[in-house]
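Just so we're on the same page: letters track the sequence lines, and every chain starts at 1. Nothing here was measured: the structure is a model prediction, and the numbers come from that model.
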Protein chains: 2
Amino acid sequence: MTKSHQQILRDFRLRSTNSRSDILKLFIDQPHALSYSDIEKEVSPQYDRVTVYRTLKTFLTKGMIHKVLDDHGAPKYALCSTTCSQTHHHHNHVHFKCSQCGQTSCLEKVEIPTISLPAGFTIDEMNLLIQGVCQACK
Amino acid sequence: MTKSHQQILRDFRLRSTNSRSDILKLFIDQPHALSYSDIEKEVSPQYDRVTVYRTLKTFLTKGMIHKVLDDHGAPKYALCSTTCSQTHHHHNHVHFKCSQCGQTSCLEKVEIPTISLPAGFTIDEMNLLIQGVCQACK
DNA sequence: GTAACTGCAAAATATTTGCATCCTT
DNA sequence: AAGGATGCAAATATTTTGCAGTTAC
């Protein structure tokens, strides 16, 4: 079952304010990652730019959303999967960016295979960005 | 054999200017990826900020360097491997970012295993960012 | 000689900070 | 009531553009 935005905010010990709820709802409604400007486009001028920046930073810090790597270096953000909580974060993300529609989405079901690194390297976390054409744009 | 910076510039049909040579030499000398500010730190005030921006953009456009994905979204740049040329670009990069020393480097020898995606997805390019502790910092 | 490159100034963007006020708990 | 969140103004940082002068080929 999907959690409500209120529940999510409560889980992360965040006060439930209008801006937080509305921005969080965007993430819940969209299946793909959002850039700062995607978000601002939706909530402006209802909320101030600064509030959007601060809200994103808070969400990030609390581990509610994560940064998604984009080929162009423009950061995007996406909700962490339901298996993430404040204490237990799951870190191996696979993201797919479609070159047609430009949307980046998390492929929760795809696992990154084991990679063998040269001796002496320790792996904490892996992020795989795949670029290509998605199902819908095929 | 390693190519000289002059040779590399010639290969990419770029005029050999002082700033291009000096910036290219930085990439040749450093085994790891450089951010814009890493570069500016080295060449300022000898060259103007604008020149650095334009030089990087030119190198990128010509395919001489590539953007390296960083967990913090701050773009970094690295020389493409010698197997890349203007026409034939090899695209499956593995980058390793050490959480101790902060350096990001390309692991040229590591291959990304085949990933099976849901039906309907086409893969053009893959970038894997691994974070952990490197050999030297162990 | 000519097209391309560079530096300077300035514009345009993007992000952060300070502070007074308001709102959630 | 109190601490945290917000909005506004403004500071700071980052990147781009225009243009005149210079340089590589």
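Using modelled atom types, no side-chain atom of Asp11(B) and backbone atom of Ile8(B) make a donor-acceptor pair closer than 3.5 Å. At distances below 3.5 Å, at least one donor-acceptor pair connects side-chain atoms of Thr55(A) with backbone N or O atoms of Thr51(A). Distance alone, capped at 3.5 Å, is enough to place a donor-acceptor pair between the Ser99(B) side chain and the Gly132(B) backbone. Using a distance-only test at 3.5 Å, with no hydrogens or angles considered, no donor-acceptor pair links the side chain of Glu125(A) to the main chain of Ile130(B).
Rounding to the nearest 0.5 Å gives a distance of 10.5 Å between CG of Asp48(B) and OG of Ser19(B). Rounding to the nearest 0.5 Å gives a distance of 11.0 Å between CG of Leu34(A) and OH of Tyr77(A).
Ring geometry, Phe96(A) versus Phe121(B): the interplanar angle exceeds 60°, so the pair is classed perpendicular (tilted spans 30 to 60°).
Atoms CG (Asp48(A)) and C1' (dC22(C)) sit 14 Å apart, rounded to a whole Å. Counting to the nearest Å, the C1' atom of dG7(C) and the OH atom of Tyr47(B) are 13 Å from each other. In this entry the distance linking CG of Asn18(A) with P of dC23(C) reads 9 Å, nearest Å. Atom CD of Glu40(B) is separated from atom C1' of dG7(C) by 13 Å (rounded to the nearest Å). If you take CD of Gln6(A) and P of dT24(C), they are 13 Å apart, rounded to a whole angstrom. Atom P of nucleotide dA24(D) and atom CG of Asp22(B) are separated by 13 Å, given to the nearest angstrom. When the P atom of dT6(D) is taken as reference, atom CG of Leu56(A) falls 11 Å away, rounded to whole Å. Between Leu9(A) atom CG and dG4(D) atom P the separation is 17 Å, expressed in whole Å.
With distances taken from any side-chain atom of Tyr36(B) to the nucleotides dC5(C), dT24(C), dT15(D), the minimum falls on dT15(D). In this structure, of dT15(C), dG7(D), dT25(C), it is dT15(C) that holds the atom nearest to the side chain of Tyr53(A). The side chain of Thr51(B) lies closest to dT6(C) when the candidates are dT6(C), dT25(C), dG7(D). Proximity note for Ser19(A) (side chain, C-beta onward) versus dC8(C), dA14(C), dT6(D): the nearest is dT6(D). Closest approach to the Thr17(B) side chain among dA24(D), dT16(C), dT14(D) is made by dA24(D) (side chain taken as heavy atoms from C-beta onward).
Of the residues near DNA chain C, Pro75(A) and Arg49(B), the one whose nearest nucleotide (by heavy atom distance) lies more toward the 5' end is Arg49(B). Between Gln46(A) and Arg15(A), the residue whose closest nucleotide on DNA chain D is further toward the 5' end is Arg15(A).
Within 4.0 Å (heavy atoms only), Thr58(A) reaches no atom of the nucleic acid at all.
You'll find the side chain of Pro75(B) stays beyond 4.5 Å of the side chain of Val68(B), heavy atoms only.
Using modelled atom types and a 3.5 Å distance limit, the side chains of Asp38(A) and Ser35(A) yield a donor-acceptor pair. With no hydrogens or angles considered, a side-chain donor-acceptor pair links His95(B) and His66(B) at under 3.5 Å.
Over its full length, the helix from dG1(C)-dC25(D) to dT25(C)-dA1(D) turns its helical axis through 50°, comparing axes from the five pairs at each end and rounding to 10°.
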Write out a two-atom table: protein N or O, nucleotide N or O from nucleotides 17-20 of chain C, distance below 3.5 Å.
none

